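Values below: all heavy atoms of this structure, side chains included; hydrogens, waters and symmetry mates excluded. Only a predicted model underlies this, so the values are computations on that prediction, with no experimental measurement involved.
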Number of protein chains: 2
Amino acid sequence: MADTALPAPGRQRVLDAAAERLVQQGYAATTLRQLAADAGIKAGSVYHHFASKEELFIAVFNRGIEVMVEAFDSVEVADPLERLGAHVRAHLGALFEHGSYTAAHVTAFFTAPPEVRAEVVPQRDEYEHRWNDLLADVFPDLPAGRRPLTRLLLFGSMNTTIEWFHLSGSLTLDDLAAIITSQFIDGIHASHLIRSAR
Amino acid sequence: MADTALPAPGRQRVLDAAAERLVQQGYAATTLRQLAADAGIKAGSVYHHFASKEELFIAVFNRGIEVMVEAFDSVEVADPLERLGAHVRAHLGALFEHGSYTAAHVTAFFTAPPEVRAEVVPQRDEYEHRWNDLLADVFPDLPAGRRPLTRLLLFGSMNTTIEWFHLSGSLTLDDLAAIITSQFIDGIHASHLIRSAR
DNA sequence: GTCTATAGGGAGATAGAC
DNA sequence: GTCTATCTCCCTATAGAC
């Protein structure tokens, strides 16, 4: 494992800048000149690290999935329902607590050109597969054919939190994860009892 | 009410094209030249209808909300829980069955420049307010302070369907609305029984 | 209401010096 | 690994003819 201490290399600074710009501006509006300026280099120097704008953003999107996968795989909880809650918390953690890569992926992936998306699909599939397996494990009664749809609805709630949730607010990420998990498992009637029940 | 029959005026064709391009490409990647070509006119002529690119897209985003509001207000159901389901169905209808304006709003709003977003916020608030009132009506036990969060989680599930749902698939919009409604009210255990229960 | 022509700026990408 | 300089292309927007 490389010693990535103190002064981040140019390539890394460009990637970090790209992730943040993606979240705020989307794919097309983010220019290599901006990224270079953010990273403290000139536009032409970006091409020493990446062959094209597309290759650069493929790296960002893939890193965004890596962060999600690492968060997912770090969960070790025995009880099925508790494990589900831990994975929801881990997914939200990837979105808000481990840099901008996952947030960039979730917000900008669908606005990226088809060639870029195609290079990222395999890694996306891998993450989705993990969740399908988790659902199969936690909800044995859920038909296999319904797992993708169920996952998509849960992802929809989790991923759109980046449009409105802020770590600086009064609602903590633990609270949010607990509410989403409860809402997902038992519906609205149960989810709003969470805070008072503790 | 204007007689908008057969040949759509230039302005209308430009707006239609903008809504579709927004869904597929996002804000920054959509150029006035494309819209003009789609509408069968030249780029310079766009400025006869709109003062700027921003003004054009403000019109698209606002129309997207109008479609949602019209769908919402068309619901007339007495039973509270059934009414909620009807509103979910109406929201999905606005996304998939009444042109591309609502889909454009939902996908591209957050990638639009701040000046554009600011002009659309009041109409967005109006729609969100309708939903908060609906939640208050259907779920009297839900604390008022929890309505926005509850609404946001439901919107997350509904709005991200545009990333994967297609009218041409085997799952109908009625089915999808029923599943989302059931999942929202009673959680996962109830939602996957819907199809077999009919 | 649409056209042509064009101004002025900024985009992605390349070449070669240091 | 970064720089400067530059090519080519396309963008938004404007002016004025029809």
Asks: Return the value, rounded to whole Å, for the distance between atom CD of A/Glu115 and atom P of C/dG12.
Replies: 15 Å

Asks: Return the nearest nucleotide to the side chain of B/His49; candidates are D/dT2, C/dT2, C/dA13.
Replies: C/dT2

Asks: Could you tell me the separation between the CG atom of B/Leu56 and the C1' atom of D/dA13, rounded to a whole number of Å?
Replies: 14 Å

Asks: If you compare every side-chain N and O of A/His48 against the phosphate oxygens of D/dG1 (OP1, OP2), does one of them come in below 4.0 Å?
Replies: yes

Asks: So what does A/Lys42 hit on the nucleic acid, given a heavy-atom distance under 4.0 Å: a base, only sugar-phosphate, or nothing?
Replies: base

Asks: Round to the nearest Å and state the distance from A/Lys53 atom NZ to C/dT14 atom P.
Replies: 15 Å

Asks: Separation of B/Gln34 atom CD from D/dC10 atom P, in whole Å?
Replies: 12 Å

Asks: Can you label the angle between the A/Tyr127 ring and the A/Trp131 ring as parallel, tilted or perpendicular, going by 30° and 60°?
Replies: perpendicular

Asks: Do the ring planes of A/Phe61 and A/Tyr27 sit parallel (below 30°), tilted (30 to 60°) or perpendicular (above 60°)?
Replies: parallel

Asks: When you measure from the side chain of A/Leu32, which nucleotide among D/dG1, C/dG12, C/dT2 comes out closest?
Replies: C/dG12

Asks: Quick check on DNA chain C: between B/Gly44 and A/Ala28, whose nearest nucleotide comes earlier from the 5' end?
Replies: B/Gly44

Asks: Knowing that exactly one of A/Arg33, A/Arg21, A/Arg13 qualifies, which makes a side chain to side chain donor-acceptor pair (under 3.5 Å) with A/Asp38?
Replies: A/Arg21

Asks: Quickly work out the A/Tyr47 OH to D/dG1 C1' distance and round it to whole Å.
Replies: 17 Å

Asks: Is the CD atom of B/Glu76 crowded by more than 12 outside heavy atoms at less than 6.0 Å?
Replies: no

Asks: To the nearest Å, give me how far apart CD1 (A/Ile41) and P (C/dA13) are.
Replies: 15 Å

Asks: Should the side chain of A/Arg33 and the base of C/dG10 be counted as holding a donor-acceptor pair, with the cut-off at 3.5 Å?
Replies: no

Asks: Using a 4.0 Å heavy-atom cut-off, does B/Ser45 contact any base of the nucleic acid, only the sugar-phosphate backbone, or nothing at all?
Replies: base

